[in-house]
Amino acid sequence: MVARTLALLLSASLITVNASPVKTPFSVRRQSDGFPYPLDDVDKLEEASLAKYEAYLAKKNSTNSCTLETAAKRQEWHDMTVPQREEYIRAVLCLQSLPPKANKTEYPGVMNRYDDFVLTHETQAFHLHSTPHLFPAHRVYIWAYEKALREECGYKGWQPYWNWGRTAADPINSALFNGNMSSMGGNGAKLDYPGVPAMSFKPPYDMIPADLGGGCVTDGPFKNMTISLGPIGGPLKDYIPKNPRADGFGANPRCLRRDVNRYASGMLYANYTYKLITEANDINLFQKNMLGIPEQNDWGVHMSGHYTIGGDPGGDFYSSPGDPIFWFHHGMVDRIWWIWQMQDPENRMNVLPENPPKDDFVDLNWTAKKVATWDLVDSIGGMGGEFCYIYV
Ligand SMILES: *[C@@H]1O[C@H](CO)[C@@H](O)[C@H](O)[C@H]1NC(C)=O
Ligand SMILES: *[C@@H]1O[C@H](CO)[C@@H](O)[C@H](O)[C@H]1NC(C)=O
Ligand SMILES: *[C@@H]1O[C@H](CO)[C@@H](O)[C@H](O)[C@H]1NC(C)=O
Ligand SMILES: *[C@@H]1O[C@H](CO)[C@@H](O)[C@H](O)[C@H]1NC(C)=O
Ligand SMILES: *[C@@H]1O[C@H](CO)[C@@H](O)[C@H](O)[C@H]1NC(C)=O
Ligand SMILES: *[C@@H]1O[C@H](CO)[C@@H](O)[C@H](O)[C@H]1NC(C)=O
């Protein structure tokens with residue numbers, strides 16, 4: 001798909017525009033190792049939007065060299081080959097073995113370079129999640145993580161994403177969570193805990209019941225991972241050791257815990273994402289609906305994804321990037337923002353919730369340079385051309 005559509009689009013445009021021939025035919029999508037994943041409605045919408053997006057890019061006359069053709073192609077985990085997945089996992093484990101940049105005297109819980117990213121999400125939690133920053137700050141945050149994997153750990157690919165709909169019915173048996181050595185899983189051991197009250201909703205709270213996990217992850221490449229920062233919040237706060245520091249920045253070595261949750265993933269079928277993208281005509285409403293519609297007791301796809309991972313630190317608002325699946329989930333959030341933008345690029349590329357001032361910035365301290373918020377809206381050419389990626 002997207003790949004093929006893109007190649008067609010590009011070759012069609014080349015006939016009229018007279019540029020050099022397409023050098024890189026795309027064949028990255030749907031390699032599917034025995035799992036047939038037909039295009040879902042969101043995939044189809046993405047494909048159908050590319051022509052509009054290409055026309056917009058052509059008209060924009062960007063001075064940087066990023067085009068749909070040269071852009072990095074972030075793939076869905078299930079579309080990657082097993083060796084590609086293993087290579088990605090190797091790079092994540094590598095980042096977890098490098099020394100941190102943050103000052104260990106001030107932040108004794110930071111054990112490695114990976115933890116710099118977790119720490120940033122904790123110290124900058126309100127900056128990252130304020131209404132105008134949620135989308136752009138997470139966009140640069142993921143990009144910086146991908147860059148660290150590539151530049152500091154020799155990873156040659158791009159950050160994968162998690163198409164929620166593919167695993168909605170049975171997450172634990174998917175190639176993402178199944179717990180084998182080429183997955184990002186597995187589940188935690190069974191823990192007896194009450195589940196998760198869906199946050200920020202009026203009583204009576206919708207309770208997400210505990211599923212089969214909640215304890216330490218016992219299989220897969222991250223079973224030996226040591227979590228150190230936090231917890232600051234989260235559903236397991238009363239079931240795991242407390243951080244020695246009130247701010248959560250102390251060293252609190254413990255296992256990675258998950259509760260891969262089927263109740264939460266029931267809100268992640270493609271129809272919910274499709275509805276989200278197609279029913280909100282302005283950016284404020286789009287973001288609001290993504291974060292949940294309390295009146296309808298709808299937690300939104302963003303929280304449903306976090307709760308599908310659950311556990312510690314995945315279920316903690318502050319420390320959630322400490323679970324390496326975080327980046328897949330927020331990759332999908334970034335992807336659907338992009339698909340939403342592409343529905344009407346003239347009017348949607350350069351808008352942000354609450355319309356922050358021109359001199360507004362995002363500063364991710366140890367993980368990315370300080371950057372103007374408005375430079376982060378365009379994944380093709382944003383940040384002076386440093387952003388140059390699409391999702392396939
Ligand atoms: C784009 O570039 C063309 C050719 O250089 C120029 O004629 C046109 O005015 C430019 N358009 C914009 C919107 O800058
Ligand atoms: C780390 O923080 C401590 C305490 O604030 C300070 O004394 C030290 O100079 C810092 N180290 C570096 C390398 O900045
Ligand atoms: C892990 O699971 C994936 C997808 O289910 C499969 O392609 C792969 O062969 C499995 N690897 C092992 C070692 O079982
Ligand atoms: C976990 O640690 C044990 C003991 O050091 C080691 O034998 C095993 O290979 C490690 N497993 C993974 C997945 O890192
Ligand atoms: C979305 O799809 C799921 C799975 O097919 C179905 O159970 C659910 O009722 C659908 N919801 C809506 C609002 O269409
Ligand atoms: C992180 O960035 C903020 C915003 O620019 C700044 O105020 C703060 O001093 C920075 N913190 C560190 C530890 O660099």
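We count ligands from 1, going down the list as the structure has it; atoms in each ligand are counted the same way. Residue indices begin at 1 and follow the sequence shown.
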Could you state the interatomic distance from [atom1] ([X]) to [atom2] ([Y]), rounded to the nearest 0.5 Å?
X: T273; Y: I339; atom1: OG1; atom2: CD1; value: 9.0 Å
X: L134; Y: M290; atom1: CG; atom2: CE; value: 7.5 Å
X: M342; Y: I380; atom1: CE; atom2: CD1; value: 9.5 Å

Query raised in the report: Protein residues near ligand 5, heavy-atom distance below 4.0 Å?
Result: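 Answer by chain and number: Y269, N271, Y272.
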Report task. Would you check whether T105 has a nitrogen or oxygen atom less than 3.5 angstrom from a nitrogen or oxygen atom of ligand 2? Result ->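 Between T105 and ligand 2 (N or O atoms, distance only) the closest approach is not under 3.5 Å.
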Expected list for residues 109-116: side-chain donor-acceptor pairs under 3.5 angstrom, two or more places apart:
from: N112; atom 1: OD1; to: Y114; atom 2: N; distance (Å): 2.9
from: N112; atom 1: OD1; to: D115; atom 2: N; distance (Å): 2.9
from: N112; atom 1: ND2; to: Q96; atom 2: O; distance (Å): 3.1
from: R113; atom 1: NE; to: E152; atom 2: OE1; distance (Å): 2.8
from: R113; atom 1: NE; to: E152; atom 2: OE2; distance (Å): 3.4
from: R113; atom 1: NH1; to: D116; atom 2: OD2; distance (Å): 2.7
from: R113; atom 1: NH1; to: W366; atom 2: O; distance (Å): 3.2
from: R113; atom 1: NH2; to: E152; atom 2: OE2; distance (Å): 3.3
from: Y114; atom 1: OH; to: P321; atom 2: O; distance (Å): 2.6
from: Y114; atom 1: OH; to: W327; atom 2: NE1; distance (Å): 3.2
from: D115; atom 1: OD2; to: M111; atom 2: N; distance (Å): 2.8
from: D116; atom 1: OD1; to: K101; atom 2: N; distance (Å): 3.3
from: D116; atom 1: OD1; to: A102; atom 2: N; distance (Å): 3.1
from: D116; atom 1: OD2; to: K101; atom 2: N; distance (Å): 2.7

Requested in this report: Provide the number and element of each atom of ligand 3 under 4.0 Å from a heavy atom of S182.
Outcome: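 What qualifies from ligand 3 is 1 (C), 11 (N).
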Query - Numbered atoms of ligand 3 (with element) below 4.0 Å of A175, judged on heavy atoms - result: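 Numbered from 1, ligand 3 contributes 4 (C).
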Tell me if the aromatic rings of [X] and [Y] count as close, with their centers under 6.0 Å from one another.
X: H121; Y: F326; value: yes
X: W162; Y: F177; value: yes
X: Y161; Y: F328; value: no

Requested in this report: State whether Y155 and R150 meet the cation-pi test: NZ (Lys) or CZ (Arg) under 6.0 Å from the six-membered ring centroid, and within 45° of the perpendicular axis.
Outcome: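 No cation-pi geometry.
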Requested in this report: Could you list the atoms of ligand 2 found under 4.0 angstrom from a heavy atom of N103?
Outcome: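 Counting atoms of ligand 2 from 1, those under 4.0 Å from N103 are 1 (C), 2 (O), 3 (C), 8 (C), 10 (C), 11 (N), 12 (C), 14 (O).
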